[in-house]
Amino acid sequence: MTEVQLMDLVEQSMRRRDHQPRGRYAPSPTGPLHLGNLRTALLAWLHMRLLDGVFVLRMEDLDLPRVKKGSAESILRDLGWMGLDWDEGPDKDGPFNSYTQSQRFPIYHAVLARLQQAGRVYACMCSRKDVAEAASAPHGNTPVYPGTCRSRGDVEVMARQLGRNPSFRLNVQESGQIDVDDEVAGHWTCHPAEEMGDFVVLRADGLHSYQLAVAVDDCLMNITHVVRGSDLRSSTPKQMLIMQTLGFDPPRYLHVPLMLDHDGRRMSKRDGSQSLANLRSQGVKAETIIANLAASCGLIEPACDAISSVELLQELNLEKFTQILFKRQQGSESQQRSD
Ligand code: GLU
């Protein structure tokens, strides 16, 4: 895709902005959906249906080595079985085709070329280990890249001589403070240079990074509201910076609490016991699962043991929905602080 074609695409998306709310659920087909994934999907679906907007399903099969065969199909089946329908998606054409990331590589490539032309990215030969060792002030669990390759002009030449491919990082040193007004997690700020560091937009294996692809897709698909798990909160400023370079305003964000397993740990796709396929094979009904998921985040009373997605929608309104989740998220943060 050329720069001119990219400009066309950006303009088309901007022209199609009609103030209709648009939300999305964006699963990665790296294994079967577990209950935690499903709860996030349910919340994203409820939120967009409460807003009377368009719900988009985007298949994030960007990380090809991690994609599991048959997983995308089983995700569509699982969501459909739960009564979470979508208006545009891999199997439902819409104005922003394609809704499968592996079919959008030329778009990501054109955005990367634009960032390169603008002098915003640079080649980097540091491995994850190098970064971890060199990082002086880690923020959270992720070390901040110290900028080792930022001002070296010879990285690409050196990489070629060594027969290796560099990764490419977005330079965030000049980026000012980023303010995120999260409707569930509250207002917070980020100082990219100190807290986040220059981050990878093209991986050394030639694949575009999650941050680049998600930011580009949310812009070009005119997503107005992003409901996703709070584990992705730290990605938000990165994605907002990429959106800025495309001239788009960021969507509204709602980072919702993650569902924990019996031992209080984050659920993982590796633990098949919590997968929907497994529960379904034991004869558990969709209404029972929805009731459990909705009760687990306070949307309904725990006494309710079966409810369909549509009945649940009728029980709620937007204000109630957002307030309950806001309180939950604040509660889980103060719980984490006191642990
Ligand atoms: N594909 C990502 C995941 O499954 C979610 C991306 C997003 O919601 O921004 O974790």
Side-chain angles (χ1 to χ4, degrees), residues 22-48 54-68 71-76 78-79 84 86 88-90 96 98-105 108 111 141-142 180 182-185 190 196 199-201 203 207-243 246 248 250-260 266-271 274-276 325 329:
R22 291 174 60 84
R24 46 66 155 192
Y25 180 59
S28 302
T30 52
L33 291 181
H34 57 59
L35 290 177
N37 303 134
L38 283 165
R39 191 171 84 175
T40 305
L42 174 65
L43 296 177
W45 179 85
L46 284 169
H47 180 255
M48 209 21 65
V54 176
F55 190 55
V56 175
L57 186 67
R58 185 169 72 227
M59 199 50 72
E60 300 211 323
D61 58 347
L62 176 81
D63 194 350
L64 298 174
R66 290 185 58 228
V67 168
K68 295 249 167 26
S71 171
E73 293 75 10
S74 78
I75 289 174
L76 299 188
D78 284 352
L79 295 172
L84 309 181
W86 51 96
E88 296 167 24
F96 304 102
S98 160
Y99 298 92
T100 299
Q101 284 190 329
S102 59
Q103 291 170 18
R104 299 174 63 78
F105 289 157
Y108 310 141
V111 173
N141 294 327
T142 324
V180 188
D182 193 309
E183 290 182 23
V184 171
C190 171
M196 190 168 96
F199 62 91
V200 172
V201 283
R203 299 171 8 175
L207 290 172
H208 303 96
S209 73
Y210 154 74
Q211 309 296 356
L212 181 86
V214 167
V216 169
D217 290 347
D218 282 341
C219 287
L220 293 182
M221 293 180 183
N222 274 344
I223 299 300
T224 58
H225 295 78
V226 170
V227 177
R228 62 183 175 191
S230 58
D231 54 328
L232 291 170
R233 238 176 81 163
S234 59
S235 294
T236 303
K238 297 180 181 165
Q239 293 169 12
M240 286 169 75
L241 280 177
I242 296 171
M243 289 171 179
L246 284 173
F248 278 83
R252 313 265 326 153
Y253 288 97
L254 292 86
H255 286 96
V256 296
L258 289 186
M259 195 165 164
L260 304 175
R266 251 177 80 177
M267 289 187 175
S268 130
K269 284 187 178 167
R270 283 184 294 274
D271 178 11
Q274 302 292 337
S275 80
L276 187 64
L325 290 178
Q329 181 63 18

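Both counts, for ligands and for their atoms, begin at 1 and track the order of listing. The figures here come from the full heavy-atom set of this structure, side chains too, leaving out hydrogens, waters and symmetry mates.
At distances below 3.5 Å, not a single donor-acceptor pair connects side-chain atoms of R58 with backbone N or O atoms of Q101. Side-chain atoms of T224 come within 3.5 Å of backbone atoms of R22 as a donor-acceptor pair (strictly under, hydrogens ignored). Side chain of R39 to main chain of P257: a donor-acceptor pair is present (N/O by atom type, distance under 3.5 Å, no hydrogens or angles).
Of the protein's heavy atoms, A26 O, 3.3 Å lies nearest to atom 5 (C) of ligand 1.
For the residue pair R203 and H208, no side-chain donor N or O sits within less than 3.5 Å of a side-chain acceptor on the partner. Using modelled atom types, one finds a donor on one side chain and an acceptor on the other under 3.5 Å when comparing D217 with Y108.
The contact set between ligand 1 and R228, taken as ligand atoms under 4.0 Å from a residue heavy atom, comprises 7 (C), 8 (O), 9 (O). Of all atoms in ligand 1, listed by their number and element, those nearer than 4.0 Å to a heavy atom of S28 are 1 (N), 2 (C), 3 (C), 4 (O). Residue E60 has at least one heavy-atom neighbour below 4.0 Å for each of these atoms of ligand 1: 1 (N), 2 (C), 5 (C), 6 (C). In the vicinity of R24, heavy-atom distances shorter than 4.0 Å reach the ligand 1 atoms 7 (C), 8 (O), 9 (O).
Side-chain contact between F248 and L220: present, with at least one pair of heavy atoms (C-beta onward) separated by less than 4.5 Å.
Using a 4.0 Å cut-off between heavy atoms, N37 makes no contact with ligand 1 at all.
Under the 4.0 angstrom criterion for non-hydrogen atoms, Y25 is not in contact with ligand 1.
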